[in-house]
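Report on the following structure.
Quick caveat: nothing in here was measured; it's all calculated off a predicted structure. Numbering of ligands and ligand atoms starts at 1, following listing order. In what follows, residues are counted from 1 in the order of the sequence shown.
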Amino acid sequence: MATLTTPALTLEQETNPWEAQASRFDFAAKKLNLDQGIWKLLRYPTREIIVHIPVQMDDGSIEVFTGYRVQHSIARGPAKGGIRYAPDVSLDEVRALASWMTWKCAVVNIPFGGAKGGVICDPKKMSQGELERMTRRYTASIIDFIGPEKDVPAPDMNTNEQTMAWIMDTYSMHMGQTSTAVVTGKPVNMGGSRGRREATGRGISVVCDEALKHLGMSIEGCRVILQGFGNVGSNAANILYRKGYTIIGITEYDGAVYNADGIDIPALIEHRARAGTINGFAKAVPADKDEILTRECEILIPAATENVITSRNAADLRCRILCEGANGPTTVLADEILAEKGVFVIPDILANAGGVTTSYFEWVQDRMGYFWTESEVNQRLDTIMSESFKDVVSYGTAHQVNNRIAAYMLAIDRVAFTTKQRGVYA
Ligand code: GLU
């Protein structure tokens with residue numbers, strides 16, 4: 001198996017998501033023998049927008065927030081990707097996430113490019129009114145660059161259906177008409193798709209099923225530890241639980257719970273809704289939120305944020321399968337350690353692609369003005385996820401590379417082909 005050979009890196013370099021994305025891209029591009037010009041073109045984003053957004057706060061003062069929207073590629077269709085709100089969002093992070101969206105859409109073969117947005121803010125400290133005003137002003141600042149045929153935002157960390165409703169409304173007010181297809185992940189009553197909320201979690205469950213089949217393992221007795229209990233983590237846990245997996249550990253930013261016999265996930269969801277935290281759940285024992293990642297299990301699912309599996313803890317993992325529900329949870333150095341240990345990695349650009357795949361269905365339904373049932377949406381999603389899993393694994397076998405590099409190669413090849421065919425406009 002080919003692996004990345006990386007020079008010594010500081011932890012700061014190791015955890016820079018742009019560096020992680022770029023070094024995997026370079027490695028895969030080299031393996032593909034990618035044309036030098038296309039290489040340069042695809043290595044960097046097409047457009048990077050930085051806006052400074054004035055917002056009137058509840059106390060009457062004016063605060064100015066910095067926002068980004070990075071469009072990496074529009075070769076295969078409109079740019080596509082979420083918007084995240086967090087205090088530590090950086091341009092490098094948004095760049096990496098935008099590139100990952102391009103590769104992700106290409107891995108599941110949907111007709112989108114890649115984009116990502118971010119606003120530096122602390123949503124936990126803001127009122128609904130402040131969040132609404134910030135979202136609307138951010139939308140107005142990037143309005144020339146988004147649209148159903150240009151760039152279609154969606155939820156990401158700390159944004160949700162309500163955020164999308166505000167963006168859709170702001171855009172529609174400017175256009176003088178209701179334009180539902182400008183965002184995905186909207187509420188179902190205003191053009192959202194049934195199944196979108198659960199889609200990333202559902203996609204994760206499908207690739208886990210496929211990985212078990214591929215490795216000759218069974219759901220019965222398959223122990224899972226999940227990091228993150230937000231939209232992605234809680235839905236993944238719930239769907240896996242319903243399928244018969246044994247979820248033995250859940251870890252969050254403020255604590256972890258563990259039960260070797262399996263956690264009752266619907267009960268934990270109910271507890272969290274009531275208590276506002278997973279801590280204090282009676283039918284499990286508290287655990288250390290970092291140490292729990294290294295406990296023995298069949299599947300470990302990081303479903304929160306970047307840089308969770310690094311050179312510091314990769315050697316200690318005791319999972320057979322690492323299924324990346326988050327974007328960029330594993331560093332390049334950790335990849336090498338996992339490869340040596342023989343951990344079967346389902347890379348982020350495949351594992352969490354269920355969200356954007358159902359976003360694609362939402363965009364299609366909005367443009368048709370005709371809406372599918374939840375089971376139609378789910379069936380289509382299941383088919384795409386399991387076929388994409390098989391495509392990546394067989395590509396890896398054919399080219400003697402690991403799953404991550406296989407996913408990058410498959411995606412880059414598709415995007416490069418279209419980019420070449422379209423040619424360079426002069
Ligand atoms: N934010 C999600 C992701 O990282 C969904 C993006 C979308 O639906 O456009 O894949």
Side-chain angles (χ1 to χ4, degrees), residues 17 21 68-74 76-86 89 93-119 146-161 163-164 167-168 180-187 191-204 206-207 228 230-233 235-236 302-306 323-329 346-366 377 380-381 384-385 388 407 411:
Q21 188 284 137
Y68 306 108
R69 183 74 184 167
V70 174
Q71 296 168 346
H72 172 259
S73 168
I74 50 164
R76 287 167 45 92
K80 185 83 193 81
I83 294 170
R84 65 173 52 177
Y85 291 169
V89 177
E93 180 187 12
V94 179
R95 275 185 187 130
L97 290 159
S99 315
W100 279 326
M101 286 309 303
T102 302
W103 313 136
K104 193 185 298 187
C105 292
V107 166
V108 288
N109 216 354
I110 58 176
F112 286 136
K116 203 76 169 200
V119 180
I146 60 171
E149 305 293 339
K150 290 185 185 173
D151 179 359
V152 184
D156 197 76
M157 271 166 54
N158 297 323
T159 57
N160 53 28
E161 291 176 12
T163 323
M164 296 307 114
I167 297 176
M168 190 276 251
T180 53
V182 64
V183 285
T184 58
K186 301 176 289 294
S193 177
R194 294 185 178 85
R196 174 63 185 85
R197 197 183 296 162
E198 301 80 17
T200 311
R202 187 176 177 91
I204 289 170
V206 175
V207 293
N231 176 49
V232 176
N235 279 301
T305 183
E306 292 108 72
C323 178
E324 299 182 335
N327 292 310
I346 314 175
D348 48 5
I349 55 174
L350 166 66
N352 70 39
V356 74
T357 301
T358 300
S359 277
Y360 165 55
F361 300 153
E362 180 169 331
W363 180 77
V364 167
Q365 292 170 82
D366 286 340
V377 170
R380 289 178 203 261
L381 175 62
I384 290 186
M385 291 306 296
S388 304

### Query
Got a sec: does the CZ of Arg76 have more than 12 other heavy atoms crowding it under 6.0 Å?
yes

### Query
Heavy-atom count around Ile384 CD1 within 6.0 Å, excluding the residue itself: above 12?
yes

### Query
Looking only at atom types and distance, does a side-chain atom of Thr358 sit under 3.5 Å from a main-chain N or O of Arg196, one as donor and one as acceptor?
no

### Query
Looking at Asp151 and Arg69, does any basic side-chain N land under 4.0 Å from a carboxylate oxygen?
yes

### Query
What's the spacing between Thr180 OG1 and Lys186 NZ if we round to 0.5 Å?
5.5 Å

### Message
Which residue in the set Trp103, Trp100, Phe112 passes ring-ring contact (aromatic ring centres under 6.0 Å, His included) when paired with His72?
### Response
Trp103

### Query
So which residues, sorted by chain and number, lie with a heavy atom under 4.0 Å of ligand 1?
Lys80, Gly81, Gly82, Met101, Lys104, Lys116, Ala154, Pro155, Asp156, Arg196, Asn327, Gly355, Val356, Ser359

